[in-house]
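Written below as structure tokens is the structure these notes are about.
In the text below, chain A, chain B and the rest are named by the order of the sequence lines, each starting its count at 1.
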2 protein chains.
Amino acid sequence: MLFHFRNKFPQLNPFWDKYLKYQKRLEVPAKTILLEEGKVSGQYIFIEKGCVRAFFNNNGDDKTVQFFFENEGLTSFESFINNVPSLVTIETIEPSIVCLLPKQYVSQLMDELSREQGFVQMILQASASRQTHYMNEFVSFIRDTPEQRYQKLLSERPHIIQRVPQHYIASYLGVSSVHLSRIKSKLAKGKLHF
Amino acid sequence: MLFHFRNKFPQLNPFWDKYLKYQKRLEVPAKTILLEEGKVSGQYIFIEKGCVRAFFNNNGDDKTVQFFFENEGLTSFESFINNVPSLVTIETIEPSIVCLLPKQYVSQLMDELSREQGFVQMILQASASRQTHYMNEFVSFIRDTPEQRYQKLLSERPHIIQRVPQHYIASYLGVSSVHLSRIKSKLAKGKLHF
DNA sequence: ACGTAACGATAACATATGTTATCAAGTTCA
DNA sequence: TGAACTTGATAACATATGTTATCGTTACGT
């Protein structure tokens, strides 16, 4: 969220910069859990290098909700703001370097910013955008077949398919990894018209 | 959104009340479209009587996203805030009485409120809650079978099943109306163990 | 360097769900 | 009142997707 703001409202950069020094820079291996489902989020996470996913657990298998890459920031927003247990686990996919900013500083920063002109408008817009994003994901999930969703991913966000193991992508698309294999092989055959 | 705020922050009631007089009260039949997919939302909708649904269209058939009843307020949030085309259509299900507050007044009200202490916190919390709601819907959509989702609806929000035609419920659950019939008949049989 | 785990493809089978068509009951409206 | 529409159930069939198991390849830790 924070970084999202930063990109969209560069005039506020001085405020962000004041808090850079409170970030804890951490080098972690793949499959490191940064926030566990059911725990309250206590820090804002910025990805300097690597990638992570957010997922929730269902019995043994899990469903991936979103992927994040370099220069993106994230947290379990609702958990962070409302002090409630997070619905998702956040876990690194690759060995990564992350910067963590404890919640107390984020709150301080928010307080400071809230006295700036136009901040409410900014918050509202950012919230609305985030909501649009989730809504679009949801709509696509319902409207499109897994095959269409895979093709969209392939054309619109190919870096995900390149970097993320296939079973995570399968769980993101909402199918079993076996079925994703089927989809891929079907698409591959479609191209071999010689 | 507005009414949601009102319930949660009664100390701000005086502000809301100032704008009541700008609301346009409208009596409309069932199947009246209050906001069309693709159009920009220009007003906040409050339901005095009746019920409405939000849905998006896919080819001919549509997918219901949410139901709203008496004393609830709604708008296509992202469209309203960011002046972008709405992803959903909003339509009455029953003959209803709705109150519409044009966007300009909502903006004015927001400006006024934004000077109040704690408003930013309130906005953030409300955004986070809304996000949690959609996330929960999404999670349930993925995690639960249509049958489980129907049973949840039955136990947690029975008024929906009582008042809303079955094919809307089917589209909300993400199945065909035929399949919802199957689910219902299966559940009915399960109860007849004599 | 070796053993183990992770990853991905494929086959065979089971199940869930969609589609189309038909029928019956209830509602609405001219 | 009667015709048209809405709502809901059911059957028959087609398709999509899940599950389990097997196999080969690659990556990784000790």
Report the distance from atom NZ of K186(B) to atom C1' of dA16(C), rounded to the nearest whole Å.
10 Å
Measure from the side chain of R182(B), starting at C-beta and using heavy atoms only, and say which of dT10(C), dA12(D), dG18(D) lies closest.
dA12(D)
OP1, OP2 of dA9(D) versus side-chain N and O of Q166(B): anything below 4.0 Å?
yes
Return the 5'-most residue of the pair E147(A), V178(A) with respect to DNA chain D, ranking by each residue's nearest nucleotide.
E147(A)
Expressed as a whole number of angstroms, how long is the span from Y150(B):OH to dT17(C):P?
15 Å
In whole angstrom, what separates L173(B)'s CG from dA16(C)'s C1'?
15 Å
Round to the nearest Å and state the distance from H179(B) atom NE2 to dG8(D) atom P.
17 Å
Roughly how many Å is it from CZ in F141(A) to P in dT17(D), rounded to a whole number?
11 Å
Side chain S79(B), main chain V84(B), donor-acceptor under 3.5 Å
yes
What is the distance from CG of L180(A) to C1' of dA16(D), rounded to the nearest Å?
15 Å
Looking at the side chain of P146(B), which of dA12(C), dA9(D), dT17(C) is the nearest nucleotide?
dT17(C)
Test: R163(B) and E70(B) ion pair at under 4.0 Å:
yes
Looking at dG8(D), I'd like to know if its phosphate oxygens (OP1 or OP2) sit under 4.0 Å from a side-chain N or O belonging to K184(B).
no
Note: K49(B)-E72(B) ion pair, threshold 4.0 Å (strictly below):
no
Value in whole Å for how far the P atom of dC5(D) lies from NZ of K31(B)
12 Å
Closest of dT7(D), dA9(C), dT20(C) to the H167(B) side chain is dT7(D)
Can you figure out which of dG8(C), dT17(D), dG18(C) approaches the side chain of V175(B) most closely?
dG18(C)
Write down the distance between NZ (K63(A)) and P (dG18(D)), rounded to a whole number of angstrom.
7 Å
Taking the minimum atom-to-atom distance to the side chain of S181(A), which one of dG8(C), dG18(D), dA9(D) wins?
dG8(C)
Are L154(A) and I160(A) linked, directly or through other ILVMFWY residues, by side chains that come within less than 4.5 angstrom of each other?
yes
Do NZ/NE/NH1/NH2 and the carboxylate oxygens of K31(A) and E91(A) come within less than 4.0 Å?
no
